[in-house]
Trainee: 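Dumping the structure here so I can ask a few things about it.
Chain letters run A, B, ... following the sequence lines, proteins first, then strands; residues in each count from 1.
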2 protein chains.
Amino acid sequence: MEGSIQQFIERYLSVSFLVNKRGAALMKCELDDVTHDQYYVLRYIHKRGMCTSTELADVFAVNKSAITAMTNRLVEKGMIERGKDGDDRRVISLTLTEKGKMWLIETEQKVYELVQTMMTKLSYEEIELFIQTYEKLAKILQEMEEKK
Amino acid sequence: MEGSIQQFIERYLSVSFLVNKRGAALMKCELDDVTHDQYYVLRYIHKRGMCTSTELADVFAVNKSAITAMTNRLVEKGMIERGKDGDDRRVISLTLTEKGKMWLIETEQKVYELVQTMMTKLSYEEIELFIQTYEKLAKILQEMEEKK
DNA sequence: TTAAATAGTTAAACAATTGAACTATTTCGA
DNA sequence: TCGAAATAGTTCAATTGTTTAACTATTTAA
């Protein structure tokens, strides 16, 4: 039993790193001059409608200054814009520009096709179970992080 | 049915990115002055006993010059060493130094504990199925890459 | 035997990241 | 209510990972 857990850990470490590296490499082909990380930031902002630097830094588990740098690049590319709103004048809201929305919708299409070709090699049930467990892991990781 | 696949893709994209970012952030705490990527390179070399730049570049899906840069840093840190061996004098073999081995063994311990705390929140069967599917995905990705 | 292929390096450029110091604004407790 | 502490975001310098193109050295093969 103990030995098996060890093996699980070993297998998990190997496979998770590989799938991510290779997945990112494949996705990059569909992303024009936007990077992999930038794509996820655009996705997140779009899903939320708008958000703040602090929220992005929390969600992606990086420093706020990393977010400033990334959003600078996205603003330069015309994908997002900064705006002041709300009563708190310290807060800066980030939203997609029209160009950003257009780009995202187009790109989501391509990325979806990519993920779909990958997924359709598995059964419906297998995907369902896999994602469910993955989501549990996300929750567990978040709790572990909060404990620190 | 179509709608569900769309949702799977959406959920997969969100959760895979998050688990990786957060997982990497947690792991980083255990890695002293070695980075997350460097850790995986050390792991890989250790598992294989020795390997070459070209092999690393293939496995991690990056350019060979990226590997040169990384191995330079690992050599500077005294973790690995370059050696000539074999008949082909173009090939440079990469192996862990004693210090590198020591460090890896110590660190694997800590990382294993981390992954273990994560995994023990799931049932044995769930982990088994999850990793099996993950490994299938790795294989599928590799095939997709080769097709290009 | 020479042309093509392969293994690896170098250099310039860019993206992501951290940490510390900073500005501007808000919150809160005495 | 006032002043100190907290919060939101930026700036700057440094490190790391990455790509691309040009390069050296060696091997393979026509």
Trainee: Report yes if at least one side-chain N or O of B:R90 is closer than 4.0 Å to OP1 or OP2 of C:dT9; otherwise report no.
Mentor: no

Trainee: Mind listing the residues from residues 45-72 of chain A sitting with a heavy atom below 4.0 Å of DNA chain D? Number order is fine.
Mentor: A:T52, A:S53, A:T54, A:K64, A:S65, A:T68

Trainee: Kindly write out the residues that satisfy side-chain hydrogen bond (donor to acceptor under 3.5 Å, both in side chains) with B:R90, not counting sequence neighbours, or none if the list is empty.
Mentor: B:D88

Trainee: Distance-only check: which donor-acceptor pairs under 3.5 Å involve side-chain atoms of residues 14-23 of chain B, not counting sequence neighbours?
Mentor:
{"from": "B:S14", "atom 1": "OG", "to": "A:R43", "atom 2": "NH2", "distance (Å)": "3.0"}
{"from": "B:S14", "atom 1": "OG", "to": "A:K47", "atom 2": "NZ", "distance (Å)": "3.0"}
{"from": "B:S14", "atom 1": "OG", "to": "B:E10", "atom 2": "O", "distance (Å)": "3.2"}
{"from": "B:S16", "atom 1": "OG", "to": "B:Y12", "atom 2": "O", "distance (Å)": "2.9"}
{"from": "B:S16", "atom 1": "OG", "to": "B:L13", "atom 2": "O", "distance (Å)": "3.4"}
{"from": "B:N20", "atom 1": "OD1", "to": "A:N20", "atom 2": "ND2", "distance (Å)": "2.7"}
{"from": "B:N20", "atom 1": "ND2", "to": "A:N20", "atom 2": "OD1", "distance (Å)": "2.7"}
{"from": "B:N20", "atom 1": "ND2", "to": "B:S16", "atom 2": "O", "distance (Å)": "2.8"}
{"from": "B:R22", "atom 1": "NH1", "to": "A:E145", "atom 2": "OE1", "distance (Å)": "3.0"}
{"from": "B:R22", "atom 1": "NH1", "to": "A:E145", "atom 2": "OE2", "distance (Å)": "2.9"}
{"from": "B:R22", "atom 1": "NH2", "to": "A:D58", "atom 2": "O", "distance (Å)": "3.2"}
{"from": "B:R22", "atom 1": "NH2", "to": "A:V59", "atom 2": "O", "distance (Å)": "3.3"}

Trainee: Hydrophobic clusters join Ile, Leu, Val, Met, Phe, Trp and Tyr when side-chain heavy atoms are under 4.5 Å apart, directly or via other members; which others share one with A:L129?
Mentor: B:L129

Trainee: Rounding to an integer number of Å, can you tell me how far B:K21 NZ sits from C:dA15 P?
Mentor: 15 Å

Trainee: Rounded to whole angstroms, how far apart are CD1 on A:I92 and C1' on C:dT25?
Mentor: 12 Å

Trainee: Restricting to side-chain hydrogen bond (donor to acceptor under 3.5 Å, both in side chains), what partner residues turn up for A:E81, sequence neighbours left out?
Mentor: none

Trainee: Under the side chain to side chain contact (heavy atoms under 4.5 Å, CB included) test, which residues partner A:K101, sequence neighbours left out?
Mentor: A:H46, A:L96, A:E98

Trainee: Rounded to the nearest Å, what distance is computed from the CG atom of residue B:N20 to the C1' atom of nucleotide C:dA16?
Mentor: 16 Å

Trainee: Under 4.0 Å, counting only non-hydrogen atoms across every strand here, what does B:D87 touch: a base, just sugar-phosphate, or nothing?
Mentor: sugar-phosphate

Trainee: What pairs with A:R11 under salt bridge (Lys or Arg N to Asp or Glu O under 4.0 Å), at least two apart in sequence or on another chain?
Mentor: B:E128, B:E135

Trainee: Rounded to the Å, how far apart are B:D32 CG and C:dT18 P?
Mentor: 17 Å

Trainee: Give one of base, sugar-phosphate or nothing for A:K84, where a contact means two heavy atoms less than 4.0 Å apart.
Mentor: nothing

Trainee: Excluding sequence neighbours, so at least two apart, what forms salt bridge (Lys or Arg N to Asp or Glu O under 4.0 Å) with A:K139?
Mentor: none

Trainee: Just the rounded figure in Å: distance from C1' of C:dA16 to CD of B:Q38.
Mentor: 15 Å

Trainee: Please find the earliest and latest nucleotides of DNA chain D, in the 5' to 3' direction, that have an atom within less than 4.0 Å of any heavy atom of chain A.
Mentor: D:dA6 to D:dT19

Trainee: Could you tell me if A:S93 and A:R82 have a donor-acceptor pair between their side chains, going purely by distance under 3.5 Å?
Mentor: no

Trainee: Name the residue closer to the 5' end of DNA chain D, choosing between A:K28 and A:S93 according to the nucleotide with the nearest heavy atom.
Mentor: A:S93

